[in-house]
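Single-structure report; data block below.
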Amino acid sequence: MAMHVRRIGLGVILLLLAVAASAVEPQRGGVAFVVPASNAVRNISGGDLRRIFLGEISRWNDGHRIILLIAAPDTPSGQVFLDRVVRMSDIDYSQWWLGAVFRGRAANAPRVMKSTEAMIRAVATMPDAIGFVALPPGGTDPGVALLSVDGRSPADPNYSVRE
């Protein structure tokens, strides 16, 4: 009987540890795309968003060159971006940009921002930038505007750039 109790006790402990580990593990909810408040764009198609971050669309409608800002690929928002927007691994995305710059199809690869605060600050101060932050975007700076994707805001449960 003591052996049976130990097995049940060990099983319960392992189950509790698994539940605790999953509760601590960061959730990759989604990403919201931000542009400077001065940018007229407020809605973008998912296809155009992908083409922008692959450098296939390199200019805004006013002719200004788009400045791409991304989160590090090892962050939850960076992973959602890679999985849901460009649909590439971090290595494939890096190689894509190395090739684009090498062949002269792009002037620069995207700039990697180290934090949400750095992303918001950079987008707010660069008139032609686009970047993204993790959902839900809290305390967004008045110098930036959130983009809707395919007519859906980041608050919409059917927003396409969610995990």
Side-chain angles (χ1 to χ4, degrees), residues 21-101 105-163:
S22 68
V24 172
E25 185 175 305
Q27 299 299 313
R28 299 186 326 180
V31 295
F33 291 87
V34 291
V35 294
S38 61
N39 190 319
V41 175
R42 290 296 180 268
N43 182 51
I44 193 163
S45 74
D48 281 351
L49 196 58
R50 182 172 194 269
R51 285 188 286 282
I52 285 171
F53 279 96
L54 291 176
E56 295 170 358
I57 296 176
S58 61
R59 296 193 179 271
W60 293 112
N61 290 337
D62 64 5
H64 292 197
R65 186 171 297 279
I66 298 172
I67 299 170
L68 301 175
L69 306 173
I70 63 170
D74 61 347
T75 63
S77 59
Q79 278 300 304
V80 171
F81 166 76
L82 290 168
D83 293 345
R84 303 289 297 177
V85 177
V86 295
R87 299 183 295 276
M88 293 181 176
S89 70
D90 59 336
I91 292 171
D92 290 339
Y93 190 60
S94 295
Q95 289 178 341
W96 173 272
W97 276 101
L98 283 172
V101 171
R105 289 187 297 147
N108 297 313
R111 299 176 192 178
V112 178
M113 299 287 107
K114 296 194 185 285
S115 69
T116 298
E117 295 77 23
M119 178 73 76
I120 296 291
R121 229 178 5 261
V123 170
T125 60
M126 295 178 181
D128 299 313
I130 184 171
F132 57 89
V133 295
L135 284 178
T140 307
D141 186 286
V144 300
L146 293 174
L147 293 182
S148 294
V149 178
D150 296 322
R152 298 186 185 274
S153 78
D156 187 319
N158 295 317
Y159 180 70
S160 63
V161 194
R162 288 187 189 277
E163 185 72 317

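Each residue takes its place number in the sequence, starting with 1.
Of all non-hydrogen atoms in Val35 and Val41, the two that sit nearest each other are CG2-O, 3.8 Å. Closest approach of Leu68 to Trp97, counting heavy atoms only: CD1-CZ2, 3.6 Å. Listed here is the closest heavy atom pair of Ala122 and Met113: CB-SD, 3.8 Å. Taking all atoms of both residues into account, the shortest heavy-atom contact from Pro73 to Asp90 is CB-CB, 3.5 Å. Contact between Leu135 and Ala32 at its shortest, heavy atoms only, is CD2-CB, 3.7 Å. Across all their heavy atoms, Arg42 and Pro36 have their closest contact at NH1-O, 4.2 Å.
In this structure, Arg152 CZ and Asn158 CG are separated by 4.5 Å, a value rounded to the nearest 0.5 Å. Here the CZ-OG distance, from Phe132 to Ser77, works out to 5.5 Å after rounding to the nearest 0.5 Å. Atom CE of Met119 sits about 7.5 Å away from atom CD1 of Ile70, to the nearest 0.5 Å. Taking CD1 of Ile130 as the reference point, atom CH2 of Trp60 lies at 4.0 Å (rounded to 0.5 Å). To the nearest 0.5 Å, the span separating OG on Ser160 from CZ on Arg84 amounts to 7.0 Å. Within the model, atoms CG of Leu69 and CE of Met126 stand 5.5 Å from one another, a figure rounded to the nearest 0.5 Å.
A distance-only check finds a donor-acceptor pair linking the side chain of Asp150 to the backbone of Gly46 [under 3.5 Å]. Between the side chain of Ser58 and the main chain of Gly55, no donor-acceptor pair closer than 3.5 Å is present. Side chain of Tyr93 to main chain of Arg87: no donor-acceptor pair is present (N/O by atom type, distance under 3.5 Å, no hydrogens or angles).
Aromatic pair Phe53/Phe81: ring centres closer than 6.0 Å.
Of the candidates Leu49, Ile44, Ile52, Ile52 is the only one forming a side chain to side chain contact (heavy atoms under 4.5 Å, CB included) with Ile57.
For the pair Leu147 and Asn43, the minimum side-chain heavy-atom distance is 4.5 Å or more.
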**From CA spacing to verdict: side chain to side chain contact (heavy atoms under 4.5 Å, CB included), Val161, Val85** = CA-CA 7 Å; Val161 194; Val85 177; 3.8 Å; yes
**Request:** Apply side chain to side chain contact (heavy atoms under 4.5 Å, CB included) to Val31 and Arg162, showing your working.
**Result:** CA-CA 7 Å; Val31 295; Arg162 288 187 189 277; over 6 Å; no
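With sequence neighbours excluded, the residues that form a side-chain contact (heavy atoms from CB on, under 4.5 Å) with Ser89 are Ile91, Asp92.
Residue pairs meeting the salt bridge (charged side-chain N to carboxylate O under 4.0 Å, His left out) criterion with at least one partner in residues 44-71, sequence neighbours excluded, are Asp48-Arg51. Applying the salt bridge (charged side-chain N to carboxylate O under 4.0 Å, His left out) test to every pair with at least one member in residues 110-121, sequence neighbours left out, gives no pairs at all.
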